[in-house]
Amino acid sequence: MTSAWARLGALYGRFRLLIHEAARFGIVGFAGFVITDVCANVLRYQAGLDRISSVAIAIIFATAVTFAANRYWTYSHRARSGLVRETVLFFVMNGIALVISELPVAFTYPLHLDGGLSYNIAVNAGLVLATLFRYWSYKKWVWRARSVPAETAGPESPQPGYSVAR
């Protein structure tokens with residue numbers, strides 16, 4: 001049994017940074033999800049905006065909140081390339097994610113799915129698809145991993161693409 005625990009500990013050690021980063025991204029994402037859901041419904045059903053505008057405005061608001069949380073908490077251990085560059089890339093990636101998240105909502109029009117349940121299913125399906133894109137794009141383009149010099153790489157070094165927290 002000790003061998004199984006040792007293997008599990010070694011596996012955790014190898015992916016520790018990825019696990020922690022993904023967990024933080026999930027927490028920030030959940031906060032953005034709640035903000036988007038609440039705002040979209042308030043804008044749609046209280047303010048009387050149309051479906052597309054409600055989701056777009058809600059996502060823009062949630063994006064501003066999640067930028068700060070991701071930059072200063074989720075990806076705080078990753079290389080910095082400048083606030084302007086990161087902000088521009090973050091908002092470009094979120095613009096693409098906005099389009100991704102609007103697609104299921106847009107499909108409710110030709111399918112004549114006008115009820116609240118179908119609207120919320122479409123909003124949430126779009127959020128899931130956009131979240132997958134965001135996680136990948138943030139790591140790929142916005143907050144890249146610090147590179148590990150070859151001479152310091154060894155069995156105890158972080159997995160390529162991940163770095164030790166400051």
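These numbers come from the heavy atoms of this one structure, side chains and all, not from hydrogens, waters or symmetry mates.
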* Hey, quick one: are Leu98 and Phe33 part of the same hydrophobic cluster, counting side-chain heavy atoms closer than 4.5 Å, chains of contacts allowed? -> yes
* Cluster question for you: counting only ILVMFWY and a side-chain heavy-atom cut-off of under 4.5 Å, with indirect links fine, are Val88 and Met93 together? -> yes
* Taking atom CZ of Phe133 as the centre, does the number of heavy atoms from other residues, nucleotides or ligands within less than 6.0 Å exceed 12? -> yes
* Can you tell if the side chain of Tyr12 reaches within under 4.5 Å of the side chain of Leu8, non-hydrogen atoms only? -> no
* To do: List the atom of Lys140, the atom of Arg144, and the distance in Å for their closest heavy-atom pair.
  => O-CG, 3.7 Å
* **Arg24 and Tyr75: CA distance, side-chain angles, deciding distance, side-chain contact (heavy atoms from CB on, under 4.5 Å) verdict** => CA-CA 9 Å; Arg24 287 178 177 195; Tyr75 298 109; over 6 Å; no
* Asked: Roughly how far, to the nearest 0.5 Å, is the CZ atom of Phe91 from the CD1 atom of Ile96?
  -> 14.0 Å
* Parallel, tilted or perpendicular: which describes the rings of Trp136 and Trp141, with under 30° parallel and over 60° perpendicular? -> perpendicular
* Asked: Does atom OH of Tyr45 have more than 12 heavy-atom neighbours from other groups under 6.0 Å away?
  -> yes
* Asked: Mind checking whether His20 and His77 have side chains closer than 4.5 Å, heavy atoms only?
  -> no
* **Residue pairs passing the side-chain hydrogen bond (donor to acceptor under 3.5 Å, both in side chains) test where at least one lies in residues 81-107, sequence neighbours excluded** => Arg71-Glu86, Ser81-Arg85, Glu86-Trp143, Asn94-Arg134, Asn94-Tyr138
* **Close side-chain approach of Thr108 and Asp114, heavy atoms under 4.5 Å** => no
* State, with a plain yes or no, whether a side-chain heavy atom of Arg44 is found less than 4.5 Å away from one of Leu49. => no
* Asked: Which heavy atom of Ser118 sits nearest a heavy atom of Gly115, and at what distance?
  -> OG-O, 3.0 Å
* To do: Would you check, one step at a time, whether the test side-chain contact (heavy atoms from CB on, under 4.5 Å) holds for Leu113 with Phe107?
  => CA-CA 8 Å; Leu113 299 171; Phe107 284 130; over 6 Å; no
* Tyr135 and Leu18: which non-hydrogen atoms are nearest, and at how many Å? -> OH-CD1, 3.4 Å
* Asked: If Ile, Leu, Val, Met, Phe, Trp and Tyr residues are connected whenever their side-chain heavy atoms lie under 4.5 Å apart, and connections chain through other members, are Phe25 and Ile19 in the same group?
  -> yes
* Heavy-atom pair with the smallest gap, counting every atom of Ala58 and Cys39 -> CB-CB, 3.6 Å
* Examine distances only and state if a side-chain atom of Asn70 and a backbone atom of Thr66 form a donor-acceptor pair shorter than 3.5 Å. => yes
* Hey, any chance Val142 and Ile100 share a hydrophobic cluster, counting ILVMFWY side chains that come within less than 4.5 Å of each other, even indirectly? -> yes
* Heavy-atom neighbours of Tyr109 OH exceed 12 at 6.0 Å -> yes
Side-chain donor-acceptor pairs of residues 119-130 under 3.5 Å, sequence neighbours excluded:
unit_1, atom_1, unit_2, atom_2, d
Asn120, OD1, Asn41, ND2, 3.1
Asn120, ND2, Gly116, O, 2.8
Asn124, ND2, Asn120, O, 3.0

* Asked: Can you list every pair that meets side-chain hydrogen bond (donor to acceptor under 3.5 Å, both in side chains) and has a residue in residues 53-65, with sequence neighbours left out?
  -> Asp50-Ser53
* According to a 4.5 Å side-chain heavy-atom criterion applied to Ile, Leu, Val, Met, Phe, Trp and Tyr, with indirect links allowed, do Phe30 and Tyr72 form part of one hydrophobic cluster? -> no
